[in-house]
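Let me begin by presenting the structure, written as structure tokens, before commenting on it.
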Amino acid sequence: MAANLDFYRNKRILVTGHTGFKGTWLCWLLSSLGAKVYGYALPAQPGNLYEQSKPPMSGVCLADIRSSREIEQVLLQFEPELVFHLAAHSVIDGSYDYPESIFEINLMGTVRLLESIRRDGCGIPVVVVTSDKCYTQKLNGCSCREDDPLGAAEAYSASKACQDLAAQCYQYSFPELRVAVARASNTVGGGDFNASRLIPYLLDCFFSGRTAQLRNPNFVRPWQYVLDVLRGYLMLGKALAEGELKDSTIFNFGPRSDGFQTVACVAEILGGYFPNACWEWIGAAATKETEVLRLDSGKAERSLGWRPIYSLEETLAQAAGFRTGLSSRSAQELCREQVEQFLERTETGEAAE
């Protein structure tokens, strides 16, 4: 299947969660492809990437994804031709403090979006972004495939599994709807300032000269470049909109083999970009997370023609370069530059080996 993203030129695209990390980069990528980008989300967090970089937008609605009334108004006002649903509680943090809110946002926010589209009768294609955390914790390090069982231990992961199942429900129950599910995890890139995630925390420590204190050094995760993942979402959205998906509409988007690495390995590589980087292991954390998480994205390669372009080292170099670049350049300039570099790589077909 062709990976031609000229499909997006002049298309009206709605991104829910556009003020988040991945949402901001998706807006930059879509606008660089010539799309008319609309956003629906809560206001940006002070100082986050969206607020700093101000991606080109054709229209914005600041509202809660749980508000059916606001969603319906946005669909009427913006008349999107395709929706990327990223609005969500996006981190494990809070799972034991406010689980009800996490389920409300992730599950019922998705239901209200899909129900608004169903009631409207417009049949807008929707790509629902969930997570590889939706998979059961009992795969014992095996690579997760799209037909593996869902299941989770804490509220965030369970809510993503529920969100995933809700999207599948609407796809199967209402044939007039076009719904696809994208599962990815641990997206890495410049401008992620959420220090509860490993890479932003390491960058913050290394840049400021503080010693990073890390737990679970042997945990294995899939680490992947944010623009690689978003390109996968765009290819899936194109295929969904053009009716090219004949079978299942659920897809994993994971890194190539070098992207499945331990926390220790990632810290070692990232520390190499900072002359005074230092870290220490302070003992294993009490956690119910799986120790080894691997994602099989062979289906996306076979059906969509997608595969990651950036290696793990290149991915971490982009994140480090963005963080140091902010000392002398604007976030807007850095976002535009990194998107242009990425699109040049996609045109030449140059991929990491």
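- Heavy atoms of other residues, nucleotides or ligands lying less than 6.0 angstrom from CD of E313 number 12 at most.
- A donor-acceptor contact shorter than 3.5 Å links the side chain of S31 to the backbone of W28.
- Here the straight-line distance linking atom OG1 of T110 with atom CD1 of I105 works out to 10.5 Å at 0.5 Å rounding.
- Atom OG in S32 sits 11.0 Å away from atom CZ in F342 (nearest 0.5 Å).
- Annotation: side chain of S159 is not in contact with side chain of L107 (no heavy-atom distance under 4.5 Å).
- Aromatic rings of Y40 and H18 (six-membered ring for Trp) have centroids beyond the 6.0 Å cut-off, not under it.
- Figure legend: R12 and Y38 shown without cation-pi pairing, the cationic atom not lying both under 6.0 angstrom from the six-membered ring centre and within 45 degrees of its axis.
- Going from atom CD of Q163 over to atom OG1 of T130 covers 6.0 Å, rounded to the nearest 0.5 Å.
- Each of D192, N186, L270, T315 was scored for a side-chain contact (heavy atoms from CB on, under 4.5 Å) with I199, with one residue passing: L270.
- The backbone N or O of G47 lies less than 3.5 Å from a partner atom in the side chain of E51, making a donor-acceptor pair.
- Residues F219 and L312 share a single hydrophobic cluster, defined by chaining ILVMFWY side chains whose heavy atoms lie under 4.5 Å apart.
- Checking side-chain atoms of Y170 against main-chain N and O of P175 turns up no donor-acceptor pair under 3.5 Å.
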message: As a quick check of understanding, evaluate salt bridge (Lys or Arg N to Asp or Glu O under 4.0 Å) for E72 and R112, giving each step before the final call.
response: CA-CA 9 Å; E72 290 166 2; R112 284 172 185 143; over 6 Å; no
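- In summary, the side chains of Q318 and Y225 do present a donor paired with an acceptor at a separation below 3.5 Å, with no hydrogens or angles considered.
- Of the listed residues (V128, V74, V126), just one forms a side-chain contact (heavy atoms from CB on, under 4.5 Å) with L113, and that residue is V126.
- Between the side chain of K133 and the backbone N or O of A184, no donor-acceptor pair lies under 3.5 Å.
- Between V181 and A167, the shortest heavy-atom contact is CG2-CB, 3.7 Å.
- In this structure the side chain of S58 never reaches within 4.5 angstrom of the side chain of F78, judged on heavy atoms.
- Both the sub-6.0 Å distance and the 45° axial angle are not jointly satisfied by K54 relative to the ring of Y50.
- In the hydrophobic clustering of ILVMFWY residues, with side-chain heavy atoms under 4.5 Å counting as a link, L343 and L26 come out together.
- Under the 30°/60° scheme for interplanar angles, the aromatic rings of F207 and F274 are found to stand perpendicular.
- No side-chain donor from either of S67 and R69 sits under 3.5 Å from a side-chain acceptor of the other.
- Contacts of D132 classified as side-chain hydrogen bond (donor to acceptor under 3.5 Å, both in side chains), with partners at least two apart in sequence or in another chain: S185.
- For the pair C61 and Q73, the minimum side-chain heavy-atom distance is 4.5 Å or more.
- Distance CD/E301 to CG/N252: 13.0 Å, rounded to 0.5 Å.
- Under the 3.5 Å distance criterion, the side-chain polar atoms of D296 are left unmatched by any main-chain donor or acceptor of S143.
- T324 places a side-chain N or O within 3.5 Å of a backbone atom of G321 that can act as its donor or acceptor partner.
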- request: Go through the steps for E333 and R336 under the test salt bridge (Lys or Arg N to Asp or Glu O under 4.0 Å), then give the verdict.
  value: CA-CA 5 Å; E333 184 181 359; R336 184 178 291 111; over 6 Å; no
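- To the nearest 0.5 angstrom, R345 atom CZ is 15.0 Å from E340 atom CD.
- Salt bridge present: D64 and R66 bring a charged side-chain N and a carboxylate O closer than 4.0 Å.
- When the shell of 6.0 Å around CD of E176 is examined, it contains more than 12 heavy atoms from other residues, nucleotides or ligands.
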message: Does T187 form a side-chain hydrogen bond (donor to acceptor under 3.5 Å, both in side chains) with Q224? I'd like the steps, not just the answer.
response: CA-CA 5 Å; T187 52; Q224 51 200 319; over 6 Å; no
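- Residues V83 and V229 do not share a hydrophobic cluster, clusters being chains of Ile/Leu/Val/Met/Phe/Trp/Tyr side chains in contact below 4.5 Å.
- No continuous path of hydrophobic side-chain contacts links L177 to I250 [ILVMFWY only; heavy atoms under 4.5 Å].
- Around atom CD of Q341, more than 12 heavy atoms belonging to other residues, nucleotides or ligands sit under 6.0 Å away.
- At distances below 3.5 Å, not a single donor-acceptor pair connects side-chain atoms of Y135 with backbone N or O atoms of R294.
- Using a 4.5 Å cut-off on side-chain heavy atoms (C-beta onward), L245 and L236 make contact.
- Within the 4.5 Å cutoff, the side chain of W279 has heavy atoms near those of the E268 side chain.
- When all heavy atoms of F193 and P200 are compared, the closest pair comes out as C-CB, 4.3 Å.
- Distance alone, capped at 3.5 Å, places no donor-acceptor pair between the N106 side chain and the K160 backbone.
- At least one donor-acceptor pair closer than 3.5 Å links the side chain of E154 to the backbone N or O of S157.
- Inter-residue side-chain proximity for R231 and I309 is flagged as met; some heavy-atom pair is nearer than 4.5 Å.
- In this pair, Y8 and F84 present their aromatic rings tilted. The plane angle is within the 30 to 60° band.
- Note on L114: it does not cluster hydrophobically with L165, by side-chain heavy-atom contacts below 4.5 Å among ILVMFWY residues.
- A ring pair (Phe, Tyr, Trp, His ring centres under 6.0 Å) check over residues 237-259, counting only residues at least two apart or in different chains, returns the pairs Y233-F253, F253-W306.
- Judged by distance alone, the side chains of D164 and Q168 do bring a donor and an acceptor atom under 3.5 Å apart.
- Put simply, the side chain of R183 gets close to the backbone of E146: a donor and an acceptor are under 3.5 Å apart.
- A heavy-atom distance below 4.5 Å is not found between the side chains of F103 and H89.
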